[in-house]
There are 2 protein chains.
Amino acid sequence: MTRALTRKGEATRARIVAGAAAEIRERGVDEVRLEDVMAHTGTSKGQLFHYFPDGKEGLLLAVAQHEADEVLIDQEPMLSNLTSWPAWLAWRDRLIERYLAQGVKCPLNGLLGQTGRRAPGAQAIVTGLMWRWQKAITEGIRHMQSTGDIAPDLDADRAAAALLAGIQGGVLLLLSTGKIDHLEAVLDLTIDSLRAGARTGGS
Amino acid sequence: MTRALTRKGEATRARIVAGAAAEIRERGVDEVRLEDVMAHTGTSKGQLFHYFPDGKEGLLLAVAQHEADEVLIDQEPMLSNLTSWPAWLAWRDRLIERYLAQGVKCPLNGLLGQTGRRAPGAQAIVTGLMWRWQKAITEGIRHMQSTGDIAPDLDADRAAAALLAGIQGGVLLLLSTGKIDHLEAVLDLTIDSLRAGARTGGS
DNA sequence: CGATTTTTGGACTTGCAGGTCCATTTTTGC
DNA sequence: GCAAAAATGGACCTGCAAGTCCAAAAATCG
């Protein structure tokens, strides 16, 4: 079906997605014209529509998927190894560091707003990202419960949901206010709160 | 300066803002054309540019301010009276109820993405909203500390920041996933966590 | 090496939404 | 009631960015 891409074609397609993603991160979705992408990636209009027959919509979707994947990759290997309190703090630090560096440039924020309503696919991409993210956190909590570092009667899924929401809100507030304070507060207070639950099985 | 609006003019202006807000809530910012607003509010293009000389930009800004104010008004009188645990729960219930009813229609989400980059005013509106919101929560926490229901050594501002971030993230996740679970989890767990801090001065 | 398919470039079309203009009607204030 | 100012209606202009089309170049494969 999707077969019919030579090596060169695949490279070009990837270059377009990466270039468009960079452009969007830098200047925002609604400021980026197809021509900007062409200029920035050294491609022609014919190529754009050759690789993305659905036009801008399709390209944006591909970029969104690309950026969603990046989000989780950037948190590795910490996110998949929340097996001790120092590991949790390392993850916390990575998040702060990453978003501090990113600043106000959030790729997905705009992409959702832009494609969210019309494209059913965009919703799915974000939902998928959140689901994977939350799953990783849940597993971290479960592991800490297995070692007795977190109370076993705590609802891991619910706690992970709350933490994930906090992170999202923290990033959102970073986007609006430019300050990292909220994200920091959420991470520190929530992790502390998880820690406090250890009392039952104490170390 | 801004003087020169008859009663009729003021009414028309208000009708435009309210109508545009409704339209945007219903169909999203980037789906709403000036013509839609005209049709929906029974106004002409001349009027739109008469009341909003800066065109769409200015209108969007006015709508954003309008919606930002609504957000806090909708939480009253609970938000300004976080003076007992039942009051906190009443506020919690109001939030859940309100966002459950709102569903995926978030007025500010898109407005920020749309005007955020270019208009310096849009940023200010959201920042202002968040600041007022957080201040109200902080005051609630301080009050509970004064009655001994929350430990006095807790950093009220930091806790409020975390709670606010949690709420924002909960709403964001409601927008992406359609489920209220995250918002519920954040509110319940965070409030519980505040409660747990009462131990010091216990009742 | 020749047929076939993919890749590429870029000129051209198109639709539409934001914005301009001005003529007409209504309101205001004396 | 009458000048001045504000409110209204809607025809018109304009620019731009997405999308179309096709012909030339390069790659693939037997």
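Sequence lines set the chain letters: A, B, ... in the order given, protein chains first and strands last, and positions in each chain run from 1.
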To the nearest Å, give me how far apart [atom1] ([X]) and [atom2] ([N]) are.
{"X": "B/M38", "N": "C/dG19", "atom1": "CE", "atom2": "P", "result": "13 Å"}
{"X": "A/I16", "N": "C/dT7", "atom1": "CD1", "atom2": "C1'", "result": "11 Å"}
{"X": "A/L34", "N": "D/dT20", "atom1": "CG", "atom2": "C1'", "result": "13 Å"}
{"X": "A/D54", "N": "D/dT20", "atom1": "CG", "atom2": "P", "result": "10 Å"}
{"X": "A/L48", "N": "D/dA17", "atom1": "CG", "atom2": "P", "result": "15 Å"}
{"X": "B/R13", "N": "D/dA6", "atom1": "CZ", "atom2": "P", "result": "16 Å"}
{"X": "A/F49", "N": "C/dA11", "atom1": "CZ", "atom2": "P", "result": "17 Å"}
{"X": "B/D30", "N": "D/dA17", "atom1": "CG", "atom2": "P", "result": "16 Å"}

**Asked** Has B/E35 got more than 12 heavy atoms of other residues, nucleotides or ligands less than 6.0 Å from its CD?
**Response** no
**Request:** Please say whether more than 12 non-hydrogen atoms of neighbouring residues, nucleotides or ligands are located less than 6.0 Å from CD in A/E76.
**Result:** yes
**Complete:** Quick note, B/H50 side chain, CB onward, closest among C/dT7, D/dA18, D/dA6 is D/dA6
**Prompt:** Which residue lies toward the 5' end of DNA chain C, A/R15 or B/K45, if each is placed at its nearest nucleotide?
**Reply:** A/R15
**Prompt:** Which parts of nucleotides 25-30 of chain C does protein reach within less than 4.0 Å, heavy atoms only, written one letter per nucleotide 5' to 3' as B for base, S for sugar-phosphate only and - for none?
**Reply:** -SSS--
**Request:** Could you label the plane-to-plane angle of the B/W85 and B/W88 rings as parallel, tilted or perpendicular, counting under 30° as parallel and over 60° as perpendicular?
**Result:** tilted
**Asked** For B/D74, which residues count as a salt bridge (Lys or Arg N to Asp or Glu O under 4.0 Å) partner, sequence neighbours excluded?
**Response** B/R98
**Asked** With a non-hydrogen cut-off below 4.0 angstrom, is A/G55 in contact with a base, only sugar-phosphate, or nothing?
**Response** sugar-phosphate
**Prompt:** NA contact type, B/G9, heavy-atom cut-off 4.0 Å: base, sugar-phosphate, or nothing?
**Reply:** sugar-phosphate
Would you say [N] has OP1 or OP2 under 4.0 Å from some side-chain N or O of [X]?
{"X": "A/Y51", "N": "C/dT8", "result": "yes"}
{"X": "B/Q47", "N": "D/dT8", "result": "yes"}
{"X": "B/T43", "N": "D/dT8", "result": "no"}
{"X": "B/K56", "N": "C/dG18", "result": "yes"}

**Item:** side chain to side chain donor-acceptor pair (under 3.5 Å) assessment of B/T138 paired with B/Q134
**Value:** CA-CA 6 Å; B/T138 305; B/Q134 182 168 332; 4.9 Å; no
**Message:** Quick check for you: to the nearest 0.5 Å, what is the distance between A/I141 atom CD1 and A/L163 atom CG?
**Reply:** 6.5 Å
**Prompt:** When you check the gap from the basic side-chain N to the acidic O, do A/R158 and B/D188 get nearer than 4.0 Å?
**Reply:** yes
